[in-house]
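Some notes on the structure that comes next.
Just so you know, these numbers come straight off a predicted model, no measurement behind them. Note on naming: letters A, B, ... go to the chains in the order of the sequence lines (proteins, then strands), and numbering restarts at 1 for each one.
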2 protein chains.
Amino acid sequence: MSPRRSAASRKAPLKNASLRNSAPIFAALGDETRLRLVAVLCAGGAVSIAQLTSGTAITRQAVTKHLHVLADAGLVQHVKVGRERQWQFEPTRLEEARRSLDLIARQWDQALQKLKMAVEA
Amino acid sequence: MSPRRSAASRKAPLKNASLRNSAPIFAALGDETRLRLVAVLCAGGAVSIAQLTSGTAITRQAVTKHLHVLADAGLVQHVKVGRERQWQFEPTRLEEARRSLDLIARQWDQALQKLKMAVEA
DNA sequence: AAAATATGCAACTAAATTATTGCATTTAAC
DNA sequence: GTTAAATGCAATAATTTAGTTGCATATTTT
């Protein structure tokens with residue numbers, strides 16, 4: 001294929017482990033409905049499914065599924081309170097995602113810096 | 001359904017527009033292969049498809065498709081150089097995504113703060 | 001010009017995602 | 001103890017996604 005070395009192996013750009021861990025978090029956030037749910041939950045406290053549903057055009061079951069997607073990504077948790085199931089935001093994984101974006105941004109800034117220095121040299 | 005007001009309308013937690021704009025960016029980042037591509041591109045400069053492919057187990061066409069997904073989200077751009085098409089990172093949209101996560105995190109911190117003050121009062 | 005390289009385009013497949021409906025179960029309220 | 005409310009579970013359907021293969025086209029290189 002290519003005579004040159006692979007771009008992926010040439011520089012070892014970011015910790016692969018970090019990326020592997022962050023991708024599912026971004027995937028969970030990559031849906032408008034779920035992003036809205038996260039926003040609601042991080043603003044309030046623990047909220048029931050019925051409450052979360054009443055703001056949307058989709059059914060309760062759809063909301064439930066979205067909540068499970070978020071839970072699988074570790075972004076929300078639930079506790080059973082009486083006949084309700086209350087969901088709450090869990091900030092740890094979101095911090096991970098933030099750090100990943102920060103890493104990428106920093107990497108980019110460094111690349112620009114190097115380019116600038118090379119041009120000025 | 002619920003006797004209470006909807007959780008979504010109760011607090012107007014985050015700008016809906018901001019979320020609507022960020023969701024597609026997160027969706028684009030929500031795949032390990034694409035996240036790797038972004039990392040490679042933000043570390044190096046402009047890289048051809050063949051180079052980007054040689055680091056992976058998938059085909060050139062699959063890489064091409066991923067690049068187009070990233071391009072649709074505004075995360076990468078391409079320029080034609082001879083018979084190659086070189087792809088490069090475009091940082092603007094990533095900054096948007098970072099700001100969204102920062103907003104959510106800040107919202108969460110404020111909620112904790114309020115809770116704390118309410119408990120101490 | 002011929003051969004090799006880099007890419008584009010199209011058809012197709014398999015699997016995952018999103019959302020629905022219908023019914024069962026648990027818990028609270030009257 | 002009925003009734004109403006909140007939720008869970010299962011089957012299904014439509015759409016999207018991720019990936020492949022095969023072939024065509026454009027550009028270098030020799």
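Rounded to an integer number of Å, the gap from CD of A:E32 to P of C:dA19 is 10 Å. Remark: P of C:dT25 and CZ of A:R60 are 15 Å apart, rounded to the nearest angstrom. Atom pair B:L52:CG and C:dT7:C1' shows a separation of 13 Å (rounding to whole Å applied). If you measure from atom NE2 of A:H68 to atom P of C:dA19, you get 16 Å, rounded to the nearest angstrom. A straight line from CD of B:Q61 to C1' of C:dA10 spans 11 Å, rounded to a whole angstrom. Following rounding to the nearest Å, B:L67 (CG) and C:dA6 (P) show an atom-to-atom distance of 16 Å. Spacing between atom CD of B:Q86 and atom P of D:dT28 amounts to 12 Å, rounded to whole angstrom units.
Not counting sequence neighbours, B:A111 has no partner by the side-chain contact (heavy atoms from CB on, under 4.5 Å) test. Residues satisfying the side-chain contact (heavy atoms from CB on, under 4.5 Å) test with A:A27, not counting sequence neighbours, are none. For A:V81, the side-chain contact (heavy atoms from CB on, under 4.5 Å) partners are A:V79, A:Q86, not counting sequence neighbours. For B:E96, the side-chain contact (heavy atoms from CB on, under 4.5 Å) test picks out B:N21, B:I25, B:R93, B:R99, with sequence neighbours left out. Among residues two or more places apart in sequence or in another chain, the side-chain hydrogen bond (donor to acceptor under 3.5 Å, both in side chains) test is passed with A:E95 by A:R98.
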N/O-N/O pairs, protein side and nucleotides 26-30 of chain C side, under 3.5 Å:
| unit_1 | atom_1 | unit_2 | atom_2 | d |
| --- | --- | --- | --- | --- |
| C:dT27 | O3' | A:R83 | N | 3.4 |

Can you pull every protein N or O that's under 3.5 Å from an N or O on nucleotides 12-18 of chain D?
| unit_1 | atom_1 | unit_2 | atom_2 | d |
| --- | --- | --- | --- | --- |
| D:dA18 | OP1 | B:R34 | NH2 | 3.4 |
| D:dA18 | OP2 | B:R34 | NH1 | 3.0 |

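Annotation: the terminal axes of the helix from C:dA1-D:dT30 to C:dC30-D:dG1 meet at 30°, where each axis is the rotation carrying the C1' atoms of four end pairs onto the next four (5 pairs per end, rounded to 10°).
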Show the atom names and distances, to 0.1 Å, of all donor-acceptor pairs under 3.5 Å that link a side chain in residues 59-76 of chain A to residues at least two apart or in another chain.
| unit_1 | atom_1 | unit_2 | atom_2 | d |
| --- | --- | --- | --- | --- |
| A:T59 | OG1 | A:A62 | N | 3.4 |
| A:T64 | OG1 | A:R60 | O | 3.0 |
| A:H66 | ND1 | A:R34 | NH1 | 3.1 |
| A:H68 | ND1 | A:T64 | O | 3.1 |

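Side chains of A:D31 and B:F26 form no contact here, defined as non-hydrogen atoms less than 4.5 Å apart.
Between B:T59 and D:dT20, a side-chain N or O to OP1/OP2 separation shorter than 4.0 Å is present. Taking only side-chain nitrogens and oxygens, B:R85 never comes nearer than 4.0 Å to OP1 or OP2 of C:dA6.
Remark: B:Q77 CD to B:E90 CD distance equals 4.5 Å, nearest 0.5 Å.
For residues 91-121 of chain A, the pairs satisfying ring-ring contact (aromatic ring centres under 6.0 Å, His included) are A:W108-B:F89, with sequence neighbours left out.
In the hydrophobic clustering (ILVMFWY side chains linked at under 4.5 Å, chained through shared members), B:M117 stands by itself.
Shown here for B:L41 and B:W87, the closest heavy-atom pair between the two residues is CD2-O, 3.4 Å.
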